[in-house]
Protein chains: 2
Amino acid sequence: MKLLRNNLLEAFCAVVECGGFSEAQFRLGISQSAISCRIRDLELALGYRVCERGRSGFQLTERGKIAYEKACEIIRLVEDFDAELLELRGTITGQLRIGIVDTVISLPGFPLVPALQRFFSKENDVNLELVVASPNDLKEGLITGSLHIAIAPFKRKRDELEYIKVCSENHYMYCGKAHELFACDTDEISPDILNNHAVCQRSYDMIVARDAKAPEPKAIVTNMEAAAALILSGKFLGVLPDHYATQWVKTGEMRLLEHPDLTWTSEFYIASRKSQAHRQAVEWFIKALLHGL
Amino acid sequence: MKLLRNNLLEAFCAVVECGGFSEAQFRLGISQSAISCRIRDLELALGYRVCERGRSGFQLTERGKIAYEKACEIIRLVEDFDAELLELRGTITGQLRIGIVDTVISLPGFPLVPALQRFFSKENDVNLELVVASPNDLKEGLITGSLHIAIAPFKRKRDELEYIKVCSENHYMYCGKAHELFACDTDEISPDILNNHAVCQRSYDMIVARDAKAPEPKAIVTNMEAAAALILSGKFLGVLPDHYATQWVKTGEMRLLEHPDLTWTSEFYIASRKSQAHRQAVEWFIKALLHGL
DNA sequence: TAATTACATTGATATATTTCATGTAAACAT
DNA sequence: ATGTTTACATGAAATATATCAATGTAATTA
């Protein structure tokens, strides 16, 4: 019983992700009938149907969903295994899966871009996958192995992960040109404004909730660009990293609401798994990240 | 680059464990030339030689050793993966790797034998592997995944493992018929005898070292039978579980050196990994183990 | 009712793997 | 030395496996 033979699982995953056999042809580079055979063989080996398909639409069965999750996992493990053994050859190879949060390219001291330059200026066979997600999803990814390295503001540290501080980011409160506070006097700005105005926050930050009477945020965003859009609308106050907001402050579309109690700092860390025979590609990339510090 | 294609790794591992191609034929059930091809393909894919072979003997290269370790690991992972997906079918299947310490069959309350009866009286497709090793090796096995369940006297508990107490074992000091203490008076028996006589111990027990002036053990054994042999020789005192020693006490070949300070108890636990989607086979076996308690 | 879509099936073809027979080189026995 | 044995390598033929192209089928849609 070998489910990993003949790329049965790769076919299965491709079919799931493409939502059907016909579309998966192009991804897999084989004919539709070959895919049909592979799924048939897989189901034959498993003894149950993994998906319903046909003109009536594509859908995973209950067992199929579980099988798909596990298949993705073992495929990643096997990829990493291949890479580990190939790296014994001397050349570094394989997938390198890196995760970051959004809106960091302009963050001063964020080491990704120079690290990429460094890393890929040496000849290698590494395939990069760069994922943008929330710190929490990134943490999950590191733990499950779907990510090798993540760079983000991690607040709670996990035992099984290793953290290296790389830089920090300052956040301030901003409002848009159309907002009533845009033209107010400086001495009107106090933490009190949070109670009188709608505020938008990044779901994972919630850094506004500093004092007890912090208001329910009126809008939750998962992404800086979304926050900027809400702020620019003039209907929301919002917290942005200064390096990001500065472009609109310059053009007069936003105003910094300056007050000592309305500033926050996040510490950015490189995180990766402890206690695991790290692959060379991973180690080298971390080295590349740290090189400029 | 797929190292898992065509059972290349299975061939490699078999060859390593059989110490050569010719012997591995029988294990793998394919011809020697087929093995030769597989190893050639593996080395071609890897880009380096994994073993030296020929009339001059079989030997892994340095990289080959690493590759072998990792190959064993991924094969186990894939086996478990197969089993997990197959179990979605309803039937429980796959490898079930169980570890115990030696000399436990006669331990009253040790749940293995009734559990085996229970478990295998229901029809299933499980392949059992029963390993005898030290508690420390068993712990390692659980953590690395080479074992699913272990039953042993675990003293230190590991966070990533789950323990269920099942029974306990009493240990006493014994000497052989030829030993000078064999015929001594009962009131001559005290912890002091440890300082005046050679003592043998199981390497992982070391339960004799209770007081500060515990002596260097003269002999270390890794196995109860070995301890019994040393004790029967009359040259060593030694600690044995009562259920094991009783056979020789009955025949007059050993004497129990009874003293309140020369008794020890080990608690036996069923251990398995926490926080891991346990396979049905594993869960069911644990249930079978607990059934009689 | 015909056309379309999405997949299944089939037989031909291509590819991969194994075996059988044989070759080679090192170790061993004589 | 010489021949023999052992352990693996190699090549051609045989076998098994996977893929493709073509076609069939069933559920939608026009």
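The CD atom of A/Gln25 sits 14 Å away from the P atom of C/dT5 (whole-angstrom rounding). For B/Gln32 and C/dT17, the CD to C1' distance is 15 Å, given to the nearest whole Å. When rounded to the nearest whole Å, the span between NZ of B/Lys2 and C1' of C/dT15 equals 18 Å. One atom, CG of B/Asp41, and another, P of D/dA9, lie 12 Å apart when rounded to the nearest Å. Distance CZ (A/Arg38) to C1' (C/dT9): 18 Å, rounded to an integer number of Å. Put simply, CG on B/Asn7 is 14 Å from C1' on D/dT17, counting in whole angstrom units. Atom C1' of nucleotide C/dT18 and atom CD1 of B/Ile39 are separated by 15 Å, given to the nearest angstrom. When rounded to the nearest whole Å, the span between CD of B/Glu10 and C1' of C/dT18 equals 17 Å.
Panel note: side chain B/Glu87, backbone B/Ala281; a donor-acceptor pair is recorded below 3.5 Å. Of the possible polar contacts, one joining the B/Gln25 side chain to the B/Ser22 backbone as a donor-acceptor pair under 3.5 Å is found. In this structure a side-chain-to-backbone donor-acceptor pair under 3.5 Å is missing from B/Arg38 to B/Phe12. The backbone N or O of A/Gly64 sits nowhere less than 3.5 Å from a side-chain atom of A/Arg49 that would complete a donor-acceptor pair. Without hydrogens or angle criteria, A/Ser121 side chain to A/Gln117 main chain gives a donor-acceptor distance under 3.5 Å. Judged by distance alone, with hydrogens and angles left aside, the side-chain atoms of A/Asn124 form no donor-acceptor pair with the main-chain N or O of A/Ile92 at under 3.5 Å. Using a distance-only test at 3.5 Å, with no hydrogens or angles considered, a donor-acceptor pair links the side chain of B/Glu43 to the main chain of B/Val50. Between the side chain of B/Arg97 and the backbone N or O of B/Gln95, no donor-acceptor pair lies under 3.5 Å.
With hydrogens and angles ignored, a donor-acceptor pair under 3.5 angstrom links the side chain of B/Ser33 to the base of C/dC20.
Listed in residue order, the members of residues 11-21 of chain B having a heavy atom less than 4.0 Å from DNA chain D are B/Gly20, B/Phe21. For the segment residues 56-65 of chain A, the set of residues with a heavy atom within less than 4.0 Å of an atom of DNA chain D comprises A/Ser56, in numerical order.
Put simply, A/Arg5 has a side-chain N or O that comes within less than 4.0 Å of OP1 or OP2 on D/dA18. Of the side-chain N and O atoms in A/Asn6, one or more sit less than 4.0 angstrom from OP1 or OP2 of D/dT19. Side-chain N/O atoms of B/Ser36 include none lying less than 4.0 angstrom from OP1 or OP2 on D/dC8. A sub-4.0 Å separation between OP1 or OP2 of C/dA8 and a side-chain N or O of A/Arg53 is present.
In this structure, the separation between CD on A/Glu23 and CD on A/Glu17 is 12.5 Å, given to the nearest 0.5 Å.
In this structure, A/Ala34 reaches the sugar-phosphate backbone alone: every heavy-atom distance under 4.0 Å involves primed, P, OP1 or OP2 atoms, never a base.
Between B/Ile30 and B/Arg55, the residue whose closest nucleotide on DNA chain C is further toward the 5' end is B/Ile30.
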Open item on the list: For a salt bridge (charged side-chain N to carboxylate O under 4.0 Å, His left out) check, start with the C-alpha distance between A/Arg76 and A/Glu129, then their side-chain angles and the critical distance, and finish with the verdict.
Closed with: CA-CA 13 Å; A/Arg76 274 202 311 269; A/Glu129 197 178 325; over 6 Å; no
